[in-house]
Structures are given as structure tokens and as C-alpha cells.
Amino acid sequence: MRTSAVLLLLACACAGAPVGPAGTTADGGSTTSGGQRWTTEVQDPTTGTTGTTAASTTASEPELPSDGFHCDPRLQDCPAGHKCTPFAADMGDDWNGARCVPLAADPAGLGEPCETEGYPHSGIDDCGPGLMCWYFESNADLRGRCLGLCDEDDGCVDPDARCYVQQSASYLCYPLCDPLAQDCPPPATLCVRSSSVDGFICRYAPAGEPAGAGMPCTGETECAPGHVCDPADLVSGCAGERCCAPLCSLSQPTCPAELPQCQPYDPAPPPEYADLGVCRAA
């Protein structure tokens with residue numbers, strides 16, 4: 001891996017209250033106008049002072065920033081030789097802030113293989129600026145590929161990706177995909193549509209056994225690949241408020257006997273989804 005263990009010793013600290021993206025503070029308040037919104041000085045993990053950071057000579061783990069925004073992933077406003085990346089404090093399993101981390105000497109580019117250090121949401125990887133390593137083959141080795149981060153206008157460097165803004169601090173540009181072909185690169189083997197994205201994007205398949213046709217669901221990522229989470233009245237025998245239903249091609253429909261009708265997924269679809277349907281009850 002191109003990054004070294006030294007990367008774990010570097011972090012970015014905020015001079016005042018941490019400030020979040022889009023002009024919000026860590027507690028949700030608005031920032032004041034004028035001045036610099038983000039503190040991007042690198043903190044020395046051994047002394048707590050700011051300045052040029054050197055590698056620690058001790059074997060103890062450095063104190064990394066708490067949850068909160070110590071830089072802006074959309075603006076990439078870290079010092080030279082660093083990038084701003086989402087991370088999860090205390091080895092958590094969801095992003096809750098952003099910090100400056102050193103760039104790898106030979107960083108990987110968009111879509112290229114990469115590796116993350118420590119744990120899945122550490123934010124320390126060998127991707128270039130404005131990129132983050134995701135779509136891991138395994139959480140044991142943390143190898144994946146570099147995805148883009150959203151810019152301040154919710155845009156993506158990759159024209160075939162869309163910005164998916166979660167309540168956490170991910171801001172990832174997920175690749176677009178074909179819901180009928182389910183052509184996402186493994187292990188991101190689930191091509192689903194989100195209410196916050198204009199199109200179908202590649203996400204991880206659900207852990208364990210995914211829900212098949214007619215099984216209850218609360219969201220798209222709970223259903224097996226090639227299915228959507230439909231209202232109960234459209235799915236025969238549905239025992240919940242919503243259940244999974246297979247996708248189908250309107251021009252060449254193939255649906256199970258219990259959901260025989262291939263109906264348009266969207267009443268006014270964009271051209272790329274004009275043939276997309278869902279198998280529903282008669």
C-alpha cells in the first residue's frame with residue numbers, strides 16, 4: 001500500500017468550534033459572514049500545537065480529532081500535501097466529520113484500486129485529492145476503488161456518477177448503473193434509485209440474505225438486486241407496508257405469476273429509463 005503507518009499520526013484541528021459544510025457549525029448553527037470558515041492547520045499529535053507535523057517517536061496512539069468538521073470535503077481546503085476527507089471518530093461505522101490527512105506519495109486516481117488504513121471509515125487512504133476509497137472487497141483488507149467526493153455545487157468529477165448526500169458526512173459520488181442489467185462492480189452489487197439522486201446508483205447489497213419478491217422491506221437497499229421496495233397494495237400477499245417487487249423490461253416483460261403486470265416504474269421517465277418497469281399485481 002502506498003500510504004504508510006505514519007499517516008495515522010496526522011490530523012487536522014479546528015481553532016474554534018468545528019464548522020460543517022454548507023455554512024453550518026457542528027451544532028447546526030449558521031456561520032458568520034467574512035473571515036475563514038475552516039481551520040486547516042495540521043495538528044501535531046504529540047504536542048497539540050499547530051505547525052509542521054513530524055512522525056511520532058512513541059509507540060502510543062495519537063489523539064485524533066473528535067467528531068466534527070475540521071475541514072470542508074467539498075472545498076478541499078487543507079494545507080498543501082493534504083486532503084480533506086470524511087471520517088468517523090472512535091472507529092465508528094458511519095461518518096460524523098471531516099479532517100485533513102496527508103496525501104499518498106503516489107496517489108491513486110478516480111476509479112483506480114485503493115486501500116484504506118485502520119478501519120472502513122478512517123478516511124486515511126491512498127486516493128488523490130477529492131477522492132475517497134470505498135466499495136471495499138472486504139473489511140478485513142479494506143481494498144476498494146477511488147470514488148469522487150461531491151463538490152460545493154453537488155457536482156461530480158465523474159460524469160457517470162451522482163452526488164449522494166447522506167445525513168452523515170459522506171458526500172460520495174456514486175456511479176450510475178443500469179437497473180435491469182445490475183451492472184455495478186462487485187462488491188457494490190446493488191443498483192438502486194434514491195430519492196436524493198436523479199438516477200440509479202451503485203450501493204452495497206444488503207448484509208445477509210436479501211429480501212426477494214413479496215418480502216417486506218423499508219427501503220431499496222433491503223431488497224435483492226433487480227428489485228424495488230413497492231407499496232403493499234401493488235405487491236400480492238405483502239405482509240408489511242412495503243414489499244420487494246422485481247424490475248422488468250416494458251418491451252420484453254418477464255414477471256412471476258404472482259406479480260404478472262410489468263408496469264412503468266416512472267410515469268414520466270427520463271429517456272434512459274423509458275423501458276424500465278416493475279412487476280406488480282393485476
Side-chain angles (χ1 to χ4, degrees), residues 93-95 120 134-139 144-145 147 150 154 156 158-168 170-282:
D93 59 2
D94 200 5
W95 296 282
W134 200 235
Y135 287 161
F136 300 136
E137 293 292 339
S138 165
N139 284 350
R145 67 187 184 110
L147 299 187
C150 309
D154 290 343
C156 296
D158 182 0
D160 294 322
R162 293 293 181 270
C163 177
Y164 180 70
V165 180
Q166 296 172 274
Q167 291 182 347
S168 62
S170 62
Y171 313 122
L172 270 174
C173 286
Y174 284 101
L176 292 171
C177 52
D178 184 337
L180 292 176
Q182 290 290 314
D183 55 353
C184 292
T189 52
L190 194 61
C191 182
V192 296
R193 191 169 188 179
S194 168
S195 59
S196 65
V197 173
D198 183 20
F200 285 77
I201 55 175
C202 293
R203 301 288 303 277
Y204 279 107
E209 188 68 26
M215 297 178 64
C217 57
T218 58
E220 306 293 357
T221 56
E222 294 182 7
C223 297
H227 292 68
V228 294
C229 192
D230 240 8
D233 60 338
L234 300 175
V235 184
S236 300
C238 180
E241 293 184 3
R242 302 175 70 86
C243 284
C244 298
L247 293 170
C248 55
S249 165
L250 295 173
S251 60
Q252 297 179 313
T254 301
C255 289
E258 62 273 18
L259 297 170
Q261 289 191 2
C262 184
Q263 299 178 3
Y265 178 86
D266 190 329
E272 59 267 33
Y273 302 123
D275 190 44
L276 182 62
V278 184
C279 295
R280 289 172 171 156

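Atoms considered below: every heavy atom in the structure, side chains included; atoms not considered: hydrogens, waters and symmetry mates. Residue numbers start at 1 and run along the sequence shown.
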For the pair [X] (side chain) and [Y] (backbone), establish whether a donor and an acceptor sit closer than 3.5 Å, ignoring hydrogens and angles.
| X | Y | result |
| --- | --- | --- |
| Y135 | C202 | yes |
| D160 | P175 | no |
| D178 | D183 | no |
| Y171 | C163 | no |
| Y204 | F136 | yes |

Between Y164 and Y174, how do the two ring planes meet: parallel, tilted or perpendicular, split at 30° and 60°?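 Perpendicular.
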
What heavy-atom pair brings [X] and [Y] nearest, and what distance separates the two atoms?
| X | Y | value |
| --- | --- | --- |
| C244 | G212 | CB-O, 3.2 Å |
| W134 | P120 | CZ3-O, 3.7 Å |
| C279 | T254 | SG-O, 3.8 Å |
| V278 | A245 | CG1-CB, 3.8 Å |
| G240 | C243 | N-SG, 4.1 Å |

Let's test your reading of the model: do [X] and [Y] have SG atoms under 2.5 angstrom apart?
| X | Y | value |
| --- | --- | --- |
| C217 | C229 | yes |
| C177 | C191 | yes |
| C173 | C150 | no |

Would you indicate whether the side-chain heavy atoms of V228 and Y265 approach each other to under 4.5 Å?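 Yes. Closest side-chain heavy atoms under 4.5 Å.
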
Using a 4.5 Å cut-off on heavy atoms from C-beta on, say whether the side chain of P264 contacts that of P269.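 With C-beta onward as the side chain, the pair stays apart.
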
As a quick check of understanding, evaluate side-chain contact (heavy atoms from CB on, under 4.5 Å) for R242 and T218, giving each step before the final call. CA-CA 6 Å; R242 302 175 70 86; T218 58; over 6 Å; no

Kindly compute the distance separating [atom1] ([X]) from [atom2] ([Y]), expressed to the nearest 0.5 Å.
| X | Y | atom1 | atom2 | value |
| --- | --- | --- | --- | --- |
| R162 | L172 | CZ | CG | 15.0 Å |
| L176 | E272 | CG | CD | 8.0 Å |
| E258 | C238 | CD | SG | 12.5 Å |

Can you list the steps and then say if R193 with L276 is a side-chain contact (heavy atoms from CB on, under 4.5 Å)? CA-CA 12 Å; R193 191 169 188 179; L276 182 62; over 6 Å; no

Any ring-ring contact (aromatic ring centres under 6.0 Å, His included) involving residues 218-237? Give me the pairs, sequence neighbours left out, ordered by first then second residue.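 Sorted result for residues 218-237: empty, none.
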
Show, in sequence, the C-alpha distance, side-chain angles and deciding distance for L180 and D275, and conclude whether the side-chain contact (heavy atoms from CB on, under 4.5 Å) test is met. CA-CA 9 Å; L180 292 176; D275 190 44; 4.3 Å; yes

Heavy atoms of other groups near E241 CD, more than 12 under 6.0 Å: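 Counting other residues, nucleotides and ligands, CD of E241 stays at 12 neighbours or fewer.
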
Verify side-chain contact (heavy atoms from CB on, under 4.5 Å) between L190 and C184, making sure each step is shown before the conclusion. CA-CA 7 Å; L190 194 61; C184 292; over 6 Å; no

